[in-house]
Amino acid sequence: MSVNAVTHLNFRGDARAALTFYQSVFDGQLTVVTYKDAGNIQDPTEADQVMWGQVAADNGFRVMAYDVPSSQPWDQGTNAFFLSLRGDTAEEVTAYWDKLTEGATVLQPLSPARWAPLYGMLKDRFGVTWVVDVAVGYDAG
């Protein structure tokens, strides 16, 4: 038996655009179920918004998202979470970084750091903060 945790992003009307963008960065399968698809329409103006969506890539990348209905409170918050993207090589990480920077605010340029061959931080055009680095082994001792 195994279990995994997947980041689930909450939006107010931008979930489809965000998932489509992340699919363009990481490839993979995009799945979207709208409130209309699920027969769960609470507000007719939100029928085509995302009730559940996911990007699942062969390389192991997974992210889920939905549009919080207007009947429920939602606040994107400040530093509520970061999405961490770790790759095995500088080439792999740089390729994803280059795509994620489209429309983003770079908070820390992708460059060598004391703890990783490459590290960077950006806030993408959907307000999601990504920390990106090349994974290295750590000695806990």
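Since the structure is predicted, the reported quantities are computational estimates derived from the model, not experimental observations. Quick note: residue numbers are just sequence positions, from 1.
Y35 has its side chain within reach of Y66: a pair of non-hydrogen atoms, C-beta onward, lies under 4.5 Å apart. Within the 4.5 Å cutoff, the side chain of Y96 has no heavy atoms near those of the L110 side chain. Using a 4.5 Å heavy-atom threshold, the side chains of L85 and V93 count as separate. Side-chain contact between E102 and F21 is present, with at least one heavy-atom pair separated by less than 4.5 Å. Side chains of W97 and V106 form a contact here, defined as non-hydrogen atoms less than 4.5 Å apart. Considering only heavy atoms from C-beta on, L118 comes within 4.5 Å of T94 through its side chain.
No more than 12 heavy-atom neighbours from other residues, nucleotides or ligands sit within 6.0 angstrom of CD on Q29. For D58, the CG atom is loosely surrounded, since the number of other residues' heavy atoms within 6.0 Å does not exceed 12.
Here the closest non-hydrogen pair linking A57 and R62 is O-NH1, 2.7 Å. Scanning all heavy atoms of the two residues, the minimum distance from W52 to M64 falls at NE1-SD, 3.5 Å. Among all heavy-atom pairs drawn from V134 and A116, the shortest one is O-CB, 3.7 Å. Heavy-atom minimum distance, A15 versus V50: CB-CB, 3.8 Å. Smallest separation of non-hydrogen atoms from R12 and P69: NH1-O, 2.6 Å. Taking all atoms of both residues into account, the shortest heavy-atom contact from S70 to E46 is OG-OE2, 2.7 Å.
No hydrogens or angles considered: nothing links the side chains of Y22 and D27 as a donor-acceptor pair under 3.5 Å. Between the side chains of Q49 and T34, no donor-acceptor pair is found at a separation under 3.5 Å.
One hydrophobic cluster holds both F61 and V32 under the rule that ILVMFWY side chains link at heavy-atom gaps under 4.5 Å. The cluster map of Ile, Leu, Val, Met, Phe, Trp and Tyr, joined by side-chain heavy atoms under 4.5 Å apart, puts W115 and F82 in the same cluster.
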task: Evaluate the criterion side chain to side chain contact (heavy atoms under 4.5 Å, CB included) for residue pair M51 and D37; output intermediate values, then yes/no.
output: CA-CA 9 Å; M51 188 178 97; D37 295 336; over 6 Å; no

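Distance check: T105 OG1 to R125 CZ gives 12.5 Å after rounding to the nearest 0.5 Å. In this structure, W74 CH2 and N10 CG are separated by 8.5 Å, a value rounded to the nearest 0.5 Å. In this structure, CD in Q108 is found 8.0 Å from CE in M121, a value given to the nearest 0.5 Å. For the atom pair OG1 of T129 and CZ of F81, the computed distance is 7.5 Å after rounding to the nearest 0.5 Å. To the nearest 0.5 angstrom, D48 atom CG is 8.0 Å from I41 atom CD1. A distance of 14.0 Å separates OH in Y119 from CZ in R114, rounded to the nearest 0.5 Å.
When each of T7, L100, V132, V131 is paired with L83, the side chain to side chain contact (heavy atoms under 4.5 Å, CB included) condition holds for T7 and for no other.
Relative orientation of the F126 and F11 rings is perpendicular, given thresholds of 30° and 60° on the angle between their planes.
At distances below 3.5 Å, at least one donor-acceptor pair connects side-chain atoms of D124 with backbone N or O atoms of G127. In this structure, Q23 contributes its side chain and L19 its backbone to no donor-acceptor pair below 3.5 Å. Under a 3.5 Å cut-off, the side chain of T101 and the backbone N or O of D98 do form a donor-acceptor pair.
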